[in-house]
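Notes follow once the structure below has been shown.
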Amino acid sequence: MATRKKVTVEDIAVDEKLKSLYKLQSYLSEIDKIKTLRGELPLEVADLDDEIAGLGTRINKFELDLKELGEMTRQEKFKIETSKTKIEKYNKQLENVRNSKEFDHLSKEVEFETLEIELAEKHIRENTQSEKLIKEQITAANEQLKEKNFDLEAKKKELDDIVSETKAQEEKIREKAKKTETTIEPRLLTAFKRIRKNARNGLGIVPIQRGACGGCFNKIPPQKQMDIKMGKKIIVCEYCGRIMIDPELAGITTE
């Protein structure tokens, strides 16, 4: 008794493969239309998320800078107190100097510590100015963050509304598309997806329109038109690389 050969997607006639591809394209085009409905909203939401994260990082950096400046100011104040203590000590010693050499040495020490105080005070003034500037930048960044968060909430709501309206419809179409994909041999399906990815408007397979490719509208030689009409082999446009199908085979009514 002869065993019956199992029919695989590879064994399906070329014209049926073309029909399945065109059917898949119609489903994917419907999904593309739904995505177009959402417009640039998903990208705008993603951009706002990135901007908000960037502002948060920026504010954290400003706060760290403030903390560092505060520590530096504390160190400068400590230097001032230390120098004042030393000056007080040297001035007492100057009251009891025994010779000019000792006087000169103590006077230079007092002068040095006085300069140290002036330098520390200069650093404190600079730090205070920097702190003021950073606080202004933090205020501006927080205002910007508030505005961006407000915009994000509005964009998310708008996107959620559109998604909720189209989600069920999109899921149904995706299921149909997945089911159709199982009827197409993997190698042909991979080639179709690659063409679709690189093609304008996501069209991987197009019907002939008035003797021209339905994708790029370049004229097709009569013999090639005949081959496409026969539907015995997969033929791609030599100009745009799309797979071509006869309108009748695609189920398109022509005038």
Side-chain angles (χ1 to χ4, degrees), residues 24-25 27-81 118-178 181 189-204 215-216 240-242:
L24 176 61
Q25 178 66 69
Y27 291 142
L28 296 176
S29 292
E30 282 185 63
I31 292 168
D32 288 343
K33 282 178 187 174
I34 290 169
K35 286 180 179 176
T36 303
L37 245 177
R38 293 169 192 163
E40 298 294 316
L41 279 173
L43 288 174
E44 287 174 18
V45 167
D47 287 345
L48 281 167
D49 271 328
D50 289 343
E51 285 182 54
I52 286 166
L55 280 167
T57 303
R58 197 170 160 198
I59 290 166
N60 285 338
K61 174 70 169 57
F62 284 149
E63 286 172 348
L64 284 172
D65 288 345
L66 266 184
K67 192 176 178 182
E68 191 177 331
L69 282 168
E71 182 56 37
M72 287 165 64
T73 298
R74 279 190 289 275
Q75 288 175 10
E76 295 300 331
K77 285 179 178 178
F78 179 76
K79 284 179 185 177
I80 290 170
E81 291 306 313
E118 288 174 2
L119 183 62
E121 286 173 342
K122 179 176 177 288
H123 288 160
I124 289 170
R125 285 194 299 273
E126 289 171 349
N127 290 347
T128 302
Q129 189 60 36
S130 296
E131 283 176 355
K132 184 185 175 184
L133 182 63
I134 289 170
K135 282 174 182 176
E136 286 171 0
Q137 289 174 318
I138 289 173
T139 301
N142 275 319
E143 271 302 311
Q144 205 176 348
L145 186 62
K146 188 179 175 182
E147 287 172 14
K148 295 292 178 186
N149 274 316
F150 181 80
D151 289 344
L152 179 62
E153 287 307 308
K155 294 287 181 188
K156 275 185 175 179
K157 187 181 183 307
E158 192 179 346
L159 181 59
D160 288 344
D161 289 345
I162 294 171
V163 169
S164 63
E165 286 172 14
T166 57
K167 191 177 180 183
Q169 183 190 358
E170 185 180 349
E171 283 175 358
K172 282 179 185 176
I173 300 168
R174 283 193 186 278
E175 282 303 313
K176 288 179 183 177
K178 282 179 185 176
E181 282 185 4
L189 182 61
T190 301
F192 165 75
K193 286 183 176 179
R194 185 176 63 250
I195 295 166
R196 175 175 144 78
K197 185 180 178 182
N198 297 323
R200 184 177 63 86
N201 296 336
L203 297 174
C216 64
C240 67
R242 292 178 175 90

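Keep in mind that the numbers below use all heavy atoms, side chains included, and drop hydrogens, waters and symmetry copies.
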Mind checking whether L48 and N149 have side chains closer than 4.5 Å, heavy atoms only? no

Begin with the C-alpha distance, continue with both residues' side-chain angles, and end with the deciding distance and a verdict on side chain to side chain contact (heavy atoms under 4.5 Å, CB included) for K193 and E181. CA-CA 11 Å; K193 286 183 176 179; E181 282 185 4; 3.4 Å; yes

How long is the span from the CG atom in L66 to the CD atom in E63, to the nearest 0.5 Å? 7.5 Å

Testing the 3.5 Å rule here: is there a donor-acceptor pair between the side chains of Q25 and S29? yes

Is any side-chain heavy atom of K35 closer than 4.5 Å to a side-chain heavy atom of E30? no

Distance (rounded to the nearest 0.5 Å) between K67 NZ and M72 CE: 15.0 Å

In terms of side-chain geometry, is the basic nitrogen of K61 or D65 positioned less than 4.0 Å from the acidic oxygen of its partner? yes

Looking at residues at least two apart in the chain, or sitting in another chain, which of them share a side chain to side chain donor-acceptor pair (under 3.5 Å) with K167? none

Interatomic distance, CZ@R38 vs CG@L43, rounded to 0.5 Å, equals 12.5 Å

Considering all heavy atoms of both residues, which atom of S164 and which atom of D161 are nearest to each other, and what is their separation? OG-O, 2.8 Å

Contact check, side chains of E40 and K155, non-hydrogen atoms, under 4.5 Å: no

Would you call E136 and K132 a side-chain contact if the rule is heavy atoms closer than 4.5 Å? yes

Would you indicate whether the side-chain heavy atoms of F192 and L28 approach each other to under 4.5 Å? yes

Run through E170, Q169, E171 and flag the one making a side-chain contact (heavy atoms from CB on, under 4.5 Å) with I173. Q169

Between OG1 on residue T166 and CD1 on residue I31, distance to nearest 0.5 Å: 11.0 Å

Could you check if a side-chain atom of L133 sits within less than 4.5 angstrom of a side-chain atom of Q129, using non-hydrogen atoms only? no

Which heavy-atom pair separates I80 from A120 by the least distance, and what is that distance? CG1-CB, 3.5 Å

Going by heavy atoms in the side chains, are R196 and D32 under 4.5 Å from each other? yes

Rounded to the nearest 0.5 Å, what's the gap from CD on E131 to OG1 on T73? Could you check? 5.0 Å

With salt bridge (Lys or Arg N to Asp or Glu O under 4.0 Å) as the criterion, how do E126 and K122 come out once you've worked through the C-alpha distance, each side chain's angles and the decisive distance to 0.1 Å? CA-CA 6 Å; E126 289 171 349; K122 179 176 177 288; 2.7 Å; yes

Distance col, row Q144:CD vs L55:CG, nearest 0.5 angstrom, shows 5.0 Å

The single option from L64, I124, T128, I134 that satisfies side-chain contact (heavy atoms from CB on, under 4.5 Å) with L69 is I134

